[in-house]
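Take a look at the structure set out below.
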Amino acid sequence: EAQVTQNPRYLITVTGKKLTVTCSQNMNHEYMSWYRQDPGLGLRQIYYSMNVEVTDKGDVPEGYKVSRKEKRNFPLILESPSPNQTSLYFCASSLSPFGNQPQHFGDGTRLSIL
Amino acid sequence: GESVGLHLPTLSVQEGDNSIINCAYSNSASDYFIWYKQESGKGPQFIIDIRSNMDKRQGQRVTVLLNKTVKHLSLQIAATQPGDSAVYFCAEKGGTYKYIFGTGTRLKVLA
């Protein structure tokens, strides 16, 4: 089944404790992206990747890092999480960054930073 | 999830009626538009898309209308069912690698 898989689905942690949210897609998609979703706001892009070893900042990259060493994986890293990073996070992928295709989303990761 | 929907406009429709959800998009240069459905506890799910060279596209029970003059997009759902209850939002893409997402509308289907 074609899917985007995120782990963990839920995490409660404390300020300053490094964490990684994994994202994996099995569709051989080139384009992958991370978003956060907060009440009253649309999905806001954190980082995106157009292919292996090609990443760039989205609208709200501060406090986050990403890597794209393999085509299927696009982990989101919070080196020193803070309470304002408490949010619902989504990973998404699409076939190509250049064409017009919809993005496929994972089921989300709810992070709570205390 | 539920917390995302706290500040959203809500459309309540009777089961079996047609629903129309509207979206104003921001960039007149956008040339691709998508509607997503988001159920509680799940990620956004693709419903239908449309390119800017079209003004209407139909799927199964859904129709998207695009009015580029006023930068307006609408999603029509025919014979709305309880399973259609969710948050719906539009997305636009134009000339870049970025998608811009709307904040969404909550659809409540009344039995």
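Since this is a predicted model, take the numbers as computed values, not measurements. Within every chain, numbering begins at 1; the chains are lettered A, B, ... in the order of the sequence lines, protein sequences first and strands thereafter.
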Structural part of Gln103(A) lying under 4.5 Å from a heavy atom of chain B:
both
Same cluster or not: Tyr89(A) versus Phe74(A), using hydrophobic residues (I, L, V, M, F, W, Y) connected whenever any side-chain heavy atoms lie under 4.5 Å apart?
yes
Indicate, with yes or no, if Phe46(B) and Phe90(A) share a hydrophobic cluster defined by side-chain heavy-atom contacts under 4.5 Å among Ile, Leu, Val, Met, Phe, Trp and Tyr.
yes
Heavy-atom contact with chain B under 4.5 Å, split by part of Arg44(A)
neither
If you count every heavy atom of other residues, nucleotides or ligands that lies below 6.0 Å from Leu114(A) atom CG, does the total exceed 12?
yes
First locate atom CD of Gln37(A), then atom CD of Gln38(B), and finally report the distance between them rounded to the nearest 0.5 Å.
4.0 Å
State plainly whether one hydrophobic cluster holds both Ile34(B) and Ile48(B), where clusters connect Ile, Leu, Val, Met, Phe, Trp and Tyr through side-chain heavy atoms under 4.5 angstrom apart.
no
Search all heavy atoms of Gly43(B) against all heavy atoms of Asp107(A) and return the closest pair with its distance.
N-OD1, 3.3 Å
Identify the two heavy atoms, one from Pro102(A) and one from Asp49(B), that lie closest to each other, and give their separation to 0.1 Å.
CD-OD2, 4.0 Å
Arg51(B) side chain to Asn100(A) backbone, donor-acceptor under 3.5 Å:
yes
CD of Gln14(B): more than 12 outside heavy atoms within 6.0 angstrom?
yes
Aromatic plane relationship, Phe101(B) with Phe105(A) - under 30° parallel, 30 to 60° tilted, over 60° perpendicular:
perpendicular
Distance col, row Tyr99(B):OH vs Ser94(A):OG, nearest 0.5 angstrom, shows 4.0 Å
Count the heavy-atom pairs under 4.5 Å between each of Ala91(B), Gly104(B), Pro44(B) and chain A, then report the option with the highest count.
Pro44(B)
Return the minimal non-hydrogen interatomic distance between Thr103(B) and Gly42(A), and the atom names on each side.
CG2-N, 3.5 Å
same_hphob_cluster(Tyr64(A), Tyr35(A)) at 4.5 Å side-chain heavy-atom cutoff
no
Please tell me whether Ile47(B) and Leu66(B) are part of a single hydrophobic cluster in this structure, the criterion being side-chain heavy atoms less than 4.5 Å apart.
yes
Residue, of Val4(A), Asp59(A), Asp56(A), that accumulates the most heavy atom pairs under 4.5 Å with chain B
Asp59(A)
